[in-house]
Amino acid sequence: MKIATWNVNSVNARLPLLLEWFHAVQPDVCGLQEIKCIDEKFPVEAFESLGYNCAVHGQKSYNGVAILSKYPISDVRKGLDDEEDDHARYIEAVIEAPKPVRFGCLYLPNGNPIATDKYAYKLRWLERLRARAEYLLTLEEMTILAGDFNIIPTKDDLWKEAPWLNDALYQPAVRHAYQGLKNLGYTDAFEAQLNVSGTPEGNRYTFWDYQAGAWPKNEGIRIDHHLLSPQAADRLFDLVIHKDARGMTHDEAKPSDHVPVVVELTTKS
DNA sequence: ATGTCGCCATATTGGCGA
């Protein structure tokens, strides 16, 4: 069972590329972030024609998340909790596969610049995510929290440390909060797979900025993650970062600045 | 830090967010 996450930077601007990729890769489930549209403008029919069910939590212009699934989707939840939050950044649902998976798709706040309320919002959002993550573990289900975390977990997850020392993606408090999620009992799928089989072609980045020639210079960072509950981690079989998607074009469509990351779980009993 | 994107208002460009 293939479970993907992809920050697409506008689902409608990216649609031809997305359809090509979904047709080729055939993930069973995919979380999308930064769809940048309201629910009514999400291209449901295009994805349905490829065999996907859609659950959408959209917003005008910014943010917005969605879950696509070849299996039926149930128990859809939009938003982390009851706290007031005018950003659409979290959607969760149960994927009704033979072995059901609870899937949380998240777009964590960027938080820059760090001396502002944007950074405080990121830290608060991390506290709220931790509370939800902690609750989900009590269910003792196969659970995956995946998305654009806007967190660079370690020094190995960037090409050079200096430019990031004052960036919200690499602050000690933010990295500590990510470690805290792992301390609860979640496994970072990339780290776990790295321990088993190394990094294919040496790449571990999931994002390359549009600016300053970051992509041709391979100045990337790893910020798109899958966190697996113990029940899901026990079934981790593979993880593939689709680096080639960063160079994809399709007619007039340009690539996202993020690439898809696909986790494969075994379905044997 | 910035060589770029995408969205939107009320446009034919500029502000915003990333």
Side-chain angles (χ1 to χ4, degrees), chain A residues 5-21 31-43 46 56-66 85-91 105-126 129 146-153 155 157-171 174-175 178 205-225 242-261:
Chain A
T5 181
W6 197 356
N7 178 323
V8 294
N9 184 24
S10 171
V11 69
N12 285 307
R14 219 63 60 207
L15 191 58
L17 275 170
L18 296 182
L19 297 179
E20 182 181 327
W21 186 84
L32 302 178
Q33 301 90 37
E34 278 204 271
I35 62 172
K36 291 188 169 178
C37 66
I38 57 174
D39 293 8
E40 292 73 18
K41 296 202 173 165
F42 189 88
V56 181
H57 183 30
Q59 176 186 335
K60 192 174 180 179
S61 305
Y62 303 118
N63 311 311
V65 285
D85 188 343
D86 54 6
H87 294 190
R89 295 182 175 275
Y90 186 80
I91 185 169
C105 168
L106 63 106
Y107 175 45
L108 219 132
N110 175 295
N112 279 304
I114 55 176
T116 66
D117 56 359
K118 292 185 177 183
Y119 184 64
Y121 173 62
K122 180 176 197 166
L123 293 179
R124 177 63 196 145
W125 212 92
L126 274 163
L129 176 61
D148 176 0
F149 281 70
N150 270 315
I151 297 172
I152 302 166
K155 196 173 179 176
D157 297 313
L158 38 68
W159 83 97
K160 186 166 49 169
E161 198 173 33
W164 295 97
L165 290 174
N166 290 311
D167 195 286
L169 278 62
Y170 196 58
Q171 291 309 293
V174 166
R175 295 164 59 199
Y178 188 71
Y205 302 147
T206 66
F207 168 93
W208 293 261
D209 202 305
Y210 287 123
Q211 300 184 71
W215 167 243
K217 291 191 284 190
N218 194 32
E219 294 182 346
I221 53 177
R222 185 172 76 93
I223 55 176
D224 299 274
H225 312 304
H242 286 244
K243 184 181 181 182
D244 55 345
R246 187 61 180 80
M248 275 179 90
T249 56
H250 191 292
D251 300 329
E252 299 298 303
K254 297 170 178 172
S256 172
D257 41 5
H258 296 250
V259 298
V261 183

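Below, chains carry the letters A, B, ... as their sequence lines are ordered, and counting in each starts from 1. What you see is a predicted model; the values in this text were computed from it and never measured.
The side-chain heavy atoms of Leu18(A) and Val8(A), taken from C-beta on, include a pair separated by under 4.5 Å.
Distance noted for atom P between dG3(B) and dC7(B): 23 Å (whole Å). Across dG17(B) and dT2(B), the matching C1' atoms stand 15 Å from one another, rounded to whole Å.
Note: NZ (Lys122(A)) to C1' (dG17(B)) measures 14 Å, nearest angstrom. The OH-P distance, from Tyr62(A) to dG15(B), rounds to 13 Å in whole Å. Here dC7(B) presents its P atom at 13 Å from CG of Asp257(A), a figure rounded to the nearest Å. When the P atom of dA18(B) is taken as reference, atom CG of Leu108(A) falls 12 Å away, rounded to whole Å. Rounded to a whole Å, the CD1 atom of Ile35(A) is 16 Å from the P atom of dG6(B). Leu169(A) places its CG atom 10 Å from the C1' atom of dA18(B), with the value rounded to the nearest Å. In this structure, NE2 of His87(A) is placed 15 Å from P of dC16(B), rounded to the nearest angstrom. To the nearest angstrom, C1' of dC7(B) lies 12 Å from CD of Gln59(A).
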List every contact pair, protein side and nucleotides 8-12 of chain B side both N or O, where the distance is under 3.5 Å.
{"residue": "dA9(B)", "atom": "OP1", "partner": "Lys60(A)", "partner atom": "NZ", "Å": "2.9"}

Would you tabulate the nitrogen or oxygen pairs shorter than 3.5 Å linking the protein to nucleotides 1-4 of chain B?
{"residue": "dG3(B)", "atom": "O6", "partner": "Lys217(A)", "partner atom": "NZ", "Å": "3.3"}
{"residue": "dT4(B)", "atom": "O4'", "partner": "Tyr210(A)", "partner atom": "O", "Å": "3.1"}

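Not counting sequence neighbours, the partners of Glu161(A) by the side-chain contact (heavy atoms from CB on, under 4.5 Å) test are Lys155(A), Leu158(A), Leu165(A), Tyr170(A). Not counting sequence neighbours, the partners of Ala168(A) by the side-chain contact (heavy atoms from CB on, under 4.5 Å) test are Asn112(A), Ile114(A), Tyr119(A), Lys122(A). Evaluation of the ring-ring contact (aromatic ring centres under 6.0 Å, His included) rule for Phe149(A) yields Tyr178(A), His225(A) as partners, not counting sequence neighbours. Scanning for salt bridge (charged side-chain N to carboxylate O under 4.0 Å, His left out) contacts around Asp157(A) gives Arg204(A), Arg222(A), with sequence neighbours left out. Legend: residues meeting side-chain contact (heavy atoms from CB on, under 4.5 Å) with Asp85(A), ordered by chain and number and at least two apart, are His87(A), Tyr121(A), Trp125(A), Arg128(A). With sequence neighbours excluded, the residues satisfying side-chain contact (heavy atoms from CB on, under 4.5 Å) with Leu15(A) are Leu19(A), Pro43(A), Ala46(A), Phe47(A).
Distances shown here put a side-chain N or O of Ser10(A) below 4.0 Å from the OP1 or OP2 atom of dC7(B). Between dC5(B) and Arg14(A), no contact under 4.0 Å exists linking OP1 or OP2 to a side-chain N or O.
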(request) Report the C-alpha distance between Leu123(A) and Val174(A) in whole Å, list the side-chain angles of each, state the deciding distance to 0.1 Å, and finish with yes or no for side-chain contact (heavy atoms from CB on, under 4.5 Å). (result) CA-CA 7 Å; Leu123(A) 293 179; Val174(A) 166; 4.0 Å; yes
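Residue contacts shown for Tyr107(A) are limited to sugar-phosphate atoms, with no base heavy atom under 4.0 Å away.
Between His258(A) and Ala13(A), the residue anchored nearer the 5' end of DNA chain B, judged by the nucleotide with its closest heavy atom, is Ala13(A). Where Pro255(A) and Gly111(A) meet DNA chain B, the nucleotide closest to each residue was compared, and Pro255(A) sits on the side nearer the 5' end.
Aromatic pair Trp6(A)/His242(A): centroids not less than 6.0 angstrom apart.
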Can you give the donor-acceptor pairs under 3.5 Å from side chains of residues 213-220 of chain A to other protein atoms, not counting sequence neighbours?
{"residue": "Lys217(A)", "atom": "NZ", "partner": "Ala212(A)", "partner atom": "O", "Å": "3.3"}
{"residue": "Asn218(A)", "atom": "OD1", "partner": "Trp208(A)", "partner atom": "NE1", "Å": "3.0"}
{"residue": "Glu219(A)", "atom": "OE2", "partner": "Trp159(A)", "partner atom": "NE1", "Å": "3.4"}

